[in-house]
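Since the structure comes first, as structure tokens, the remarks are kept for the end.
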Amino acid sequence: MNPIVVQHISKQYKSVEALKDISFEVKAGELFGLIGPDGAGKTTLFRVLTTLLLADTGKAFVNGRDVVKDYKLIRREVGYMPGRFSLYQDLTVEENLKFFATIFNTSIKENYDLIRDIYVQIEPFKKRPAGKLSGGMKQKLALCCALVHKPEVLFLDEPTTGVDPVSRKEFWEMLQRLKSKGIAILVSTPYMDEANLCDQVALMQNGQLLQINTPKGVVDSFAQPMWAIRADNMYQLISTARAFEDTQSCYAFGDSLHITLTNGTAQEEALATYLKEKNPGLTMERIQPGIEDCFMYLMKN
Amino acid sequence: MEAAYAITTDGLTKKFGDFIATNNITFQVKKGEIFGFLGANGAGKTTAMRMLCGLLKPSSGKATVAGYDVYTQTESIKLNIGYMSQRFSLYEDLTVSENIRFYGGIYGLTRSAIKTATAELLAKLALEKEAKSLVGSLPLGWKQKLSFSIAIIHNPAIVFLDEPTGGVDPITRRQFWDLIYEAAHAGVTVFVTTHYMDEAEYCDRVSIMVDGKIKALDTPAALKTTFGAATMNDVFLKLAREANQ
Amino acid sequence: MKQFLQFLKKEFYHIFRDRRTLLILFGMPIVQIILFGFAITNEIHEAKFAVLDQSNDYYSTRLLQRFDHSAYFHRVKNLQSPNEIAKTFEEGDVKIVIVIPPQFGKTFFHERKSTIQLLADATDPNTATTLENYASSIINQYQKDITKEEKLPLTISTDYRLQYNPALKSVYMFVPGVMTLILMLVSAMMTSIAITREKELGTMEILLVSPLKPGLIIVGKVVPYIMLAFINAIIILVMGVFIFDMPIKGNLFLLLAECGLFVLTALSIGILISSITESQQTAMMISMVGLMMPTMLLSGFVFPIESMPLPLQIIANILPAKWFIIILKTIMLKGGGLMDVWKPTVILLGMTLVLQVISIRKFKIRLS
């Protein structure tokens with residue numbers, strides 16, 4: 001059995017359906033990304049899998065164990081990093097790590113090789129209270145704490161939220177190394193660009209999984225032709241492009257707009273002529289859509 | 001010449017004991033510009049922003065916001081700016097229209113002005129049906145848009161946005177930027193921090209702060225050329241990596 | 001065991017690194033004792049008194065001179081008639097009025113005894129009692145001195161009346177009261193806050209997901225506060241005994257054991273509060289309103305239970321504080337042994353057991 005198996009999990013809070021019939025599996029040594037905005041149900045799903053919440057219906061297995069019946073065993077075998085880096089702010093880096101090592105019946109030394117790469121980066125600050133660390137440092141410390149007992153499955157709930165791009169990049173590099181040690185990793189993120197770094201991604205919205213696929217598979221499944229357009233005055237360009245009668249969607253992406261048309265490529269020429277008239281400096285090129293384009297497309301349908 | 005700028009700083013510095021949070025920064029923000037203020041965590045963005053909003057007294061250097069001095073005219077500054085952050089948005093236990101009324105009241109709008117502003121704002125966000133709903137019951141994306149609209153309800157000269165789009169879905173994020181564009185088009189100067197590098201591209205000019213100093217300031221296109229990078233993300237990573245070595 | 005010790009260590013780090021907690025833990029008992037102690041029962045200097053001397057003879061003048069020479073009293077007024085007494089009190093400055101009957105000296109020698117009336121303003125009962133004690137001792141001394149001089153057995157009896165508050169309680173009330181309050185505060189409020197803080201921080205999630213047994217988490221959070229509450233109890237007792245001459249007539253070990261029992265009762269309440277609240281703020285509010293206020297107002301600490309309306313008297317019965325104060329008073333002031341306090345002890349034990357069963361059943365191994 002795969003390290004994480006989720007079968008038709010649903011969960012309701014009062015009138016809100018937090019999870020609707022969720023099913024997926026994560027293999028050993030796989031980095032599985034749960035991509036979706038706040039409120040999509042990512043945290044609820046994590047809590048079900050880490051035995052903190054009971055699902056209303058459906059089954060889930062972590063490391064081959066039932067999340068309801070065998071919760072005690074699961075709690076020994078998984079590493080969990082909840083959102084907002086749950087650390088003791090008034091304890092130093094070293095004290096936090098030591099504490100979490102001890103409650104998992106282990107010591108920092110025992111599994112040092114697993115956390116070494118990460119720990120050396122925060123070691124210079126080991127006497128500093130966790131509350132006084134920068135976001136990136138807190139994140140690294142929280143990861144160390146989640147890894148200190150050498151878990152077989154790692155749950156990371158939004159580990160990169162609110163962290164700057166440099167720390168984010170470093171964090172994903174660390175995950176790649178952990179993956180190579182055979183740990184199954186389930187990670188959630190609101191950042192679409194991080195989806196490309198996962199082996200498998202599940203796009204999540206309003207408690208539902210819109211699609212489970214490899215990042216490449218997600219992009220390939222997007223059948224619509226797409227163009228990137230640019231002009232001197234972008235604000236003007238947005239309003240004119242949206243006013244075009246065959247425009248299906250038009251959103252800003254970095255320094256250009258991504259546009260799709262209702263009937264594929266049929267109106268490509270018409271669009272170009274229409275836009276050129278009103279927008280000096282217009283450039284238009286056919287592009288390969290990214291994960292974010294796909295997600296937005298799936299969200300709307 | 002002075003009047004062409006919404007914000008000017010000259011050698012603005014803030015020290016906390018031995019620690020220099022903001023080190024001698026100098027820049028100008030033009031009126032009606034969308035100015036992206038980027039930097040890693042702890043690079044001094046928040047400190048700089050607080051000084052400009054009149055919440056923190058600088059240790060040295062000069063700065064004016066909307067023509068007012070940050071040392072002596074903080075009250076005037078506060079009347080002429082709007083502020084929105086990811087953390088602080090709205091009172092969750094008040095309804096949408098109560099929130100609007102409250103913030104309108106704070107900025108001294110008259111009853112009738114608040115009434116028209118409320119109607120306009122609700123129409124623009126298509127929130128008419130939710131006017132009597134508690135803000136806490138709205139989805140995050142709606143809250144953020146509402147929060148932004150309320151931040152500019154008193155027609156400020158400048159609006160400061162501190163990571164306004166964190167955790168929001170990609171479509172709402174775009175819609176949020178549509179609002180920013182619209183405000184800028186109407187002449188409001190926008191000063192925004194963000195962690196989404198693609199959003200940096202939407203700005204007219206961006207500055208990148210590393211360790212309390214401004215390491216780069218230009219249009220996104222010019223920065224990409226200077227650093228030989230394809231995206232703003234690469235520019236940012238290059239700068240931050242340089243600083244670490 | 002190692003897990004548990006590490007847990008305790010962490011708990012102590014939290015306590016000792018948080019100045020506010022420390023201040024509440026150790027500052028509160030000291031400040032409260034000092035406030036209650038000195039503000040209410042401190043020795044009185046230069047208390048203002050008035051005199052209605054209806055005899056105005058040699059002996060009455062000599063007696064009043066003694067009052068004038070005393071450091072405790074300061075004469076501000078000589079009254080002419082009993083009608084003025086009420087007015088004098090209403091003005092508020094005068095704390096005690098000494099009324100000497102007509103022909104004091106004469107009755108004294110002919111009948112070998114006389115009566116002096118002391119009227120004290122008992123709106124502040126503790127001051128009134130103290131003043132009454134001082135005044136009586138001055139009069140007694142005078143009586144002894146005269147007896148010696150005249151070689152005759154003479155008696156002056158003081159007829160003393162407390163105005164406005166006839167049901168005066170003991171001065172020693174405050175030490176047991178403060179002790180009860182502090183133990184309740186430290187044990188119930190601090191533990192409930194400490195546990196909900198972990199929930200707020202999100203660390204409770206990690207603790208639950210760890211192999212730590214949920215029971216161990218609770219015990220680990222509670223043990224430091226048992227120790228601290230005990231230290232506090234000892235501080236209060238030491239201060240009571242050495243600064244305020246509070247007697248401990250009964251067995252000290254029995255007293256400490258009873259303190260231990262009350263700490264457990266309060267802790268059980270604290271755990272119960274933390275299991276039904278999610279934030280530190282709510283936990284604090286519930287502890288304040290639900291525990292501190294009743295403890296202050298209904299346990300007999302500030303207001304005597306006997307003078308409360310019947311419904312409040314009934315409510316007072318379910319407060320552990322009421323029973324603990326009874327135990328404390330019986331052991332400390334009356335020198336009672338276990339046989340004298342078995343009833344309230346059994347009641348406290350029962351409450352503790354019931355509360356613990358409820359909180360154990362309420363404690364969740366999951367988040368909802």
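Letters A, B, ... are given to chains in the order of the sequence lines, protein chains preceding strands, and every chain is numbered from 1.
The nearest pair of heavy atoms linking M179(C) to I236(C) is CA-CD1, 3.8 Å.
Residue-level contacts of residues 142-156 of chain A with chain C do not occur; threshold 4.5 Å between heavy atoms.
Contact annotation: the side chain of I15(C) approaches that of P224(C) to within less than 4.5 Å [non-hydrogen atoms, C-beta and beyond].
For chain A, no part of K213(C) is nearby; none of its heavy atoms comes within less than 4.5 Å. With a 4.5 Å cut-off on non-hydrogen atoms, L73(A) does not touch chain C at all.
The residues D199(A) and K27(A) are annotated as not salt-bridged, no charged nitrogen and carboxylate oxygen being separated by less than 4.0 angstrom. Salt-bridge check for E95(A) with K10(C): failed, with every basic side-chain N at 4.0 Å or more from each acidic carboxylate O.
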**Q.** side chain to side chain contact (heavy atoms under 4.5 Å, CB included) between D18(C) and R197(C), worked out
**A.** CA-CA 13 Å; D18(C) 180 5; R197(C) 182 170 58 188; 4.0 Å; yes
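Geometric assessment of K11(A) against the ring of Y13(A) yields a positive cation-pi assignment under the 6.0 Å and 45° thresholds.
Aromatic ring centroids of F99(A) and Y13(C) lie 6.0 Å or more apart.
Of the listed residues (L207(C), L216(C), L5(C), V209(C)), the one with the most heavy-atom contacts under 4.5 Å to chain A is V209(C).
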